[in-house]
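Accompanying notes for the structure given below.
In this chain, residues are counted from 1 in sequence order. Just so it is clear, the values below take in all heavy atoms, side chains as well, and ignore hydrogens, waters and symmetry mates.
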Amino acid sequence: MASHYEAPIRRPLVTGNKTYHDVTVDVAAPVEGKANRSWWIVFTISLVALLWGIGCIIYTISTGIGVWGLNKTVNWAWDITNFVWWVGIGHAGTLISAVLLLFRQKWRMAINRSAEAMTIFSVIQAGLFPIIHMGRPWLAYWVLPIPNQFGSLWVNFNSPLLWDVFAISTYLSVSLVFWWTGLLPDFAMIRDRAITPFTKRVYSILSFGWSGRAKDWQRFEEVSLVLAGLATPLVLSVHTIVSFDFATSVIPGWHTTIFPPYFVAGAVFSGFAMVNTLLIIMRKVSNLEDYITVQHIELMNIIIMITGSIVGVAYITELFIAWYSGVEYEQYAFLNRATGPYWWAYWAMMTCNVFSPQFMWFKKLRTSIMFSFFISIVVNIGMWFERFVIIVTSLHRDYLPSSWTMFSPTFVDVGIFIGTIGFFFVLFLLYSRTFPVIAQAEVKSILKSSGDNYKNLRATHGDDVKHYDEVGNVERTVPTSGGDQSERIQSLLSSIGTFDPTTQTTQDDLKLISGVGPVMEEKLHQLGIYTFEQVSRMTDREYDLLDSIIDEFPGRAKRDDWAGQASKLKNN
């Protein structure tokens, strides 16, 4: 019979000899524990950047967009550059979650949650720029085709700017539902592990009544596939429509049919680079190195290398079309990009986007965490320069030499952009402290086939080994769910001591232990645990035994340190 497991030669996707219980504890730890120093440092910097951006936005609205560096020739520059850049970054989240789900790629399991969150937060940043650029953001609803007090005032459906509104709002809606659907099992897990009533209540609302029944999982998988099917064409459509903002014009350097596929490839390129940046930060800050492994980073780097090569081909194709067209205006537009006043931006774009990803051909470099982090930042810098080059260099020298001018951003332009970066990281850091950043249920689904401890077991004993009997070739001393319940109870009591309530009357109030309520106290009594002395003798082995017997709140006793609490209580 053919094996349904992975071949031993394939590297594991989950390292660290993790068990199912370990996955639950590790995923819940960033939410249940306290933020470390690194988190607070990054959050403080991001919050300062956000406040600076808010101040610049208030100044812009109160004074007018004349405080930006725009002029009569370059009347659309820094804001649209940032808008397209943020939309592009938001692309990869849906691609990873939807496309890789449809192709049943297991390596998406540990990274899809952060990628989906990145999509939501990036699109929020992108949506800010058109609203601010209006000058009167309180009239933003005018872009929607709704009845209003002006009678038959309708938006211009021929404008690709209006298409952006529909495309991006649709993309945001589907991505938000897709993200939230995937979070339901994890919200329920946090709910079941919650200690305080308020936390339990909040996550009960967020989990939408998830109970973990077979019917819940069936609907979960069906909805996920439907949403993935809807989201996949959106990956192509959103940035295609964004490219129409330029391609439908008659300005040299913009009026080209290569823009839709070119923009989509660039968006995927920059999006994967940002996902890589976030994953490398998250795996360190949240201690998730065993779930976001070097193999995940390497696979991301391979995609960055491929999409970077596609973008390079698009650049060369643009140059060829400009030359082959014979249109002197097109030829001058591209010659001006490479040799004109903004030559430094053009060559920064080429260096960052075309040349730097080629280092990923070398395995030693694409498996280096620090080098991957550096390249991911370089790529996003290069993609920002790409949008800047397309927009500014095509506008600053138009058909009339008398109107040629230069664009220079003001401190307000720069401040708003930095503010959106701060806003993005503030949202992402808060998300990492309130939502599980790893899809624990999905990681568990690949643990037996891709976890290193189970792969080692199969390599030694074959595919028919009982995985719950051994872990990492070391026999477990804890009887598992395959054993007899009474044997597990007997093993637990033999370690912590017995108590006979008929002859011994000194029972302790176990509810004084944080995490033990009336229901849990009754369950402990049913097992024969009545005193602080018994609880104080618990070690990791007894915690695991207790979890296997009372399979409701795995890890709570260990997390709340019942033994330590009981030791203090018995001495009072």
Side-chain angles (χ1 to χ4, degrees), residues 3-6 12-14 18-29 31-32 93-94 96-117 119-120 173-194 199-232 288 291 431 434-451 454 466-468 480-482 547-548 550-556:
S3 170
H4 62 282
Y5 296 116
E6 286 182 354
L13 293 173
V14 182
K18 298 297 181 182
T19 63
Y20 292 97
H21 173 65
D22 294 332
V23 173
T24 301
V25 173
D26 292 343
V27 171
V31 179
E32 296 172 340
T94 299
I96 290 174
S97 295
V99 178
L100 298 185
L101 172 63
L102 295 176
F103 282 95
R104 305 298 187 190
Q105 295 297 305
K106 294 180 180 179
W107 64 275
R108 71 177 283 277
M109 302 301 185
I111 63 178
N112 65 315
R113 182 66 50 73
S114 294
E116 293 164 11
T119 292
I120 306 298
S173 301
V174 173
S175 299
L176 186 60
V177 174
F178 191 33
W179 177 51
W180 203 270
T181 300
L183 279 164
L184 293 180
D186 298 297
F187 283 148
M189 179 266 291
I190 300 295
R191 174 199 65 197
D192 295 339
R193 293 171 57 88
T199 305
K200 182 179 287 291
R201 180 63 178 167
V202 169
Y203 284 99
S204 295
I205 296 172
L206 295 178
S207 63
F208 291 171
W210 178 276
S211 63
R213 299 173 302 169
K215 196 67 176 178
D216 288 351
W217 283 108
Q218 178 187 353
R219 290 169 177 164
F220 174 82
E221 293 179 3
E222 291 173 351
V223 171
S224 296
L225 287 174
V226 169
L227 290 173
L230 288 173
T232 302
L288 297 173
Y291 303 98
Y431 143 79
T434 52
F435 294 174
V437 296
I438 298 288
Q440 53 94 20
E442 297 184 32
V443 171
K444 288 178 181 178
S445 70
I446 65 169
L447 194 59
K448 267 189 179 176
S449 62
S450 299
Y454 298 115
K466 294 181 179 180
H467 300 111
Y468 48 78
T480 61
S481 55
D547 287 342
S548 68
I550 307 176
D551 190 19
E552 290 187 12
F553 307 100
R556 168 173 283 186

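Closest of all the heavy-atom pairs between A98 and A228 is CB-O, 3.7 Å. Closest approach of A231 and V174 over heavy atoms only: CB-CG1, 4.1 Å. Between Y203 and T434, the closest heavy-atom pair is OH-O, 2.6 Å.
Here the OG atom belonging to S204 is positioned 5.5 Å from the CZ atom belonging to R191, to the nearest 0.5 angstrom. Between the CH2 atom in W210 and the CZ atom in R219 there is a gap of 10.5 Å [rounded to 0.5 Å]. Atom CD1 of residue I438 and atom OG of residue S114 lie 6.0 Å apart, to the nearest 0.5 angstrom. Here the CG atom belonging to L230 is positioned 11.5 Å from the OG atom belonging to S173, to the nearest 0.5 angstrom.
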Which pairs of donor and acceptor atoms, one on a side chain in residues 176-190, lie under 3.5 Å apart (sequence neighbours left out)?
{"residue": "W180", "atom": "NE1", "partner": "L206", "partner atom": "O", "Å": "3.4"}
{"residue": "T181", "atom": "OG1", "partner": "V177", "partner atom": "O", "Å": "2.7"}
{"residue": "D186", "atom": "OD1", "partner": "Q440", "partner atom": "N", "Å": "3.1"}
{"residue": "D186", "atom": "OD1", "partner": "Q440", "partner atom": "NE2", "Å": "3.4"}
{"residue": "D186", "atom": "OD2", "partner": "R113", "partner atom": "NH1", "Å": "3.0"}
{"residue": "D186", "atom": "OD2", "partner": "R113", "partner atom": "NH2", "Å": "2.8"}

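Between the T232 side chain and the G229 main chain, no donor and acceptor come within less than 3.5 Å of each other.
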